[in-house]
Protein chains: 2
Amino acid sequence: MGPPSRSRGGEKMISSIAELIADRIGTMPASERRAAQTLIASYPMIGLKTVAEFSAAAGVSSPTILRFVARLGFQNYPEFQSSLQDELAAQLQSPAIRTLNPPSPGGGTASPMLEATLDNMRETFRHLSDKQLADIAARLADRRGKTFLIGGRFTDPLARYMAAHLAIIQPDVFHLAGQESMWRDRLIDMGKRDVLVIFDIRRYQDSLLRFAEKAHQRGVQIVLFTDQWLSPIARFARHVIAGRTAVPSAWDSSAALFVVAETLIGAVTRQLEAEGAKRIREMEGLR
Amino acid sequence: MGPPSRSRGGEKMISSIAELIADRIGTMPASERRAAQTLIASYPMIGLKTVAEFSAAAGVSSPTILRFVARLGFQNYPEFQSSLQDELAAQLQSPAIRTLNPPSPGGGTASPMLEATLDNMRETFRHLSDKQLADIAARLADRRGKTFLIGGRFTDPLARYMAAHLAIIQPDVFHLAGQESMWRDRLIDMGKRDVLVIFDIRRYQDSLLRFAEKAHQRGVQIVLFTDQWLSPIARFARHVIAGRTAVPSAWDSSAALFVVAETLIGAVTRQLEAEGAKRIREMEGLR
DNA sequence: GGAGCGCTGTATCGTATGTTACGTATTTTG
DNA sequence: CAAAATACGTAACATACGATACAGCGCTCC
């Protein structure tokens, strides 16, 4: 149906392919969604390469990539690439109104660490559509299922942080801690209506991958927080959040993912306002 | 003759294909120069299209385009295109000319949550001098004493996050978890040379205050991460980091404190470079 | 002014790339 | 639970693309 002709009269205003994808990613089959996520993660560069490279990066076959671009409304792959190029050209020409973030006025501290972190956040959110966030929030707010959270060596605190908040506004929120063998046993509690939130940035942990695969096989919906190179778990994830992690430090930064987590916490809370408020009041009463 | 390998030792520093062209355009024949000029005119978009389109735009033949890219030192046309793409990708990542997601029409931003968070960070760092950060980092890097970390209900994950990193680059780093009675017993291990890092934002927890007071009495140096209203623990703290927490959400944001923590982790790591690097290598070896 | 050299375009070739058809696996529906 | 529909990948296919050989032309230098 919808051709890529943008900005039609009564329709939604779509001004970039990224938005187009965000708009239709919900209607896509699993493999095409992986293609979409891969493209968004390193937008738009992967789309400028060959179909073979694109498909390899996404871990799907070439025809899937072609079906993906077809679903976006393009007649063929070259037409899709041209569109991406036009978009890029427009971006490069734009006057680059960079009034934001004053370049350290009055000889400010100019901490490169802070600057990099701020950029990471903007970049992370640039690749993250409001719709995608809303979808994930809706999923997390769905009270018919349970919510499990787990993280890797350095990211497990993020899982804890998120769990600490979510557990207050709704029941059935569990943070998976401790040994790998401990999580395993929890698998038996997980089913199709449940959500598993995984934090995994490189160096990606095999234990998490194994766990994610098993959960996926049980039909659990996986929400993955990872870095821009995408943990292999992305293969099993229903939703992928790719945060930027590069900072001038010996370590990678999880700050962008942290902010996304906070944003989601806020969105879920708003969604559960009615029940949530009551719950919170009750809890306060129990102090 | 010069290959496209950039930034060679004794040679001129060439960091982009545009510079490479400017450098060699003088040695080119007429037709190739037209190709060069055409590319520069709409840099780099034309170079991403096919040879045929490029040649048509420049008004020369296809072989001339190929000779042109060959003269720049590329083996073939695809290699030339890849180089352009890499350059573009780097430009898009760098904070140079980034157009934000939707150009925030009418000042209304897409994600007020993100904007508030970014503001919090700038504001937090504005009130935080480099010297203060350096002092704290030096204290944490001092290997004569032990480091303990603890947090409140929502901030304990931050303590964990920091502990996870610090524990790798130096020994004697302990995260205090579990019940209050558990920490108590650790007090006996703490002395004047030790550091206690506490995370406490409102609503401030009495248990933490009591613990901080006792530690203070034993001469422990306290580093306090709190919000702008300052936890009562500030009274006993040697160093206080006041992060902004206000966001349009039902919850307060700990993101600014998180970034300060990451900054400190980076600073401590740099300080312990020598020992740290060795430790990290050893640990990698133990895998 | 003639011979040699370099620059450029035309025409042809091989191949990498996008495309399509089809069979299997998976999910959905009655 | 059966049957239909959808999704996905393998493999064969056609084309369009980059690469190359070659001939014509202009220019320079004896």
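None of these values were measured; they are calculated from a predicted model.
- Rounded to an integer number of Å, the gap from A:Lys192 NZ to C:dT26 P is 14 Å.
- By the 30° and 60° cut-offs, the orientation of the rings of A:Phe54 relative to A:Tyr77 is tilted.
- Under 4.0 Å is where a charged nitrogen must lie from a carboxylate oxygen, and between A:Asp156 and A:Arg160 at least one such pair does.
- Close to C:dC7, at under 4.0 Å from its OP1 or OP2, lies no side-chain N or O of B:Ser31.
- Remark on DNA chain C: of its neighbouring residues A:Ala52 and A:Arg67, the 5'-side contact belongs to A:Ala52, judged by nearest-heavy-atom nucleotide.
- The residue A:Pro63 sits close to a base: some heavy atom pair falls under 4.0 Å.
- Whole-Å rounding puts the B:Phe68 CZ to C:dT8 C1' distance at 16 Å.
- In this structure, A:Arg210 does not pair ionically with A:Asp206, as no charged nitrogen and carboxylate oxygen lie closer than 4.0 Å.
- Taking atom CD of A:Glu53 as the reference point, atom C1' of C:dT17 lies 11 Å away to the nearest angstrom.
- Heavy-atom contacts of chain B under 4.0 Å fall on DNA chain D between two terminal nucleotides, which in 5' to 3' order are D:dC17 to D:dT20.
- Closest to the side chain of B:Ser61, out of C:dG18, C:dG9, C:dT20, is C:dG9.
- Atom C1' of nucleotide C:dA16 and atom OH of A:Tyr77 are separated by 14 Å, given to the nearest angstrom.
- With rounding to whole Å, A:Phe74 atom CZ is found 15 Å from C:dG18 atom P.
- For the pair A:Arg186 and A:Phe174, the cation-pi test (distance below 6.0 Å, angle within 45°) is passed.
- Relative orientation of the B:Phe80 and B:Phe74 rings is perpendicular, given thresholds of 30° and 60° on the angle between their planes.
- Atom CD of B:Glu32 and atom P of C:dT8 are 6 Å apart (whole Å).
- Here A:Arg202 pairs with A:Asp252 in a salt bridge; the nearest charged N to carboxylate O distance falls below 4.0 Å.
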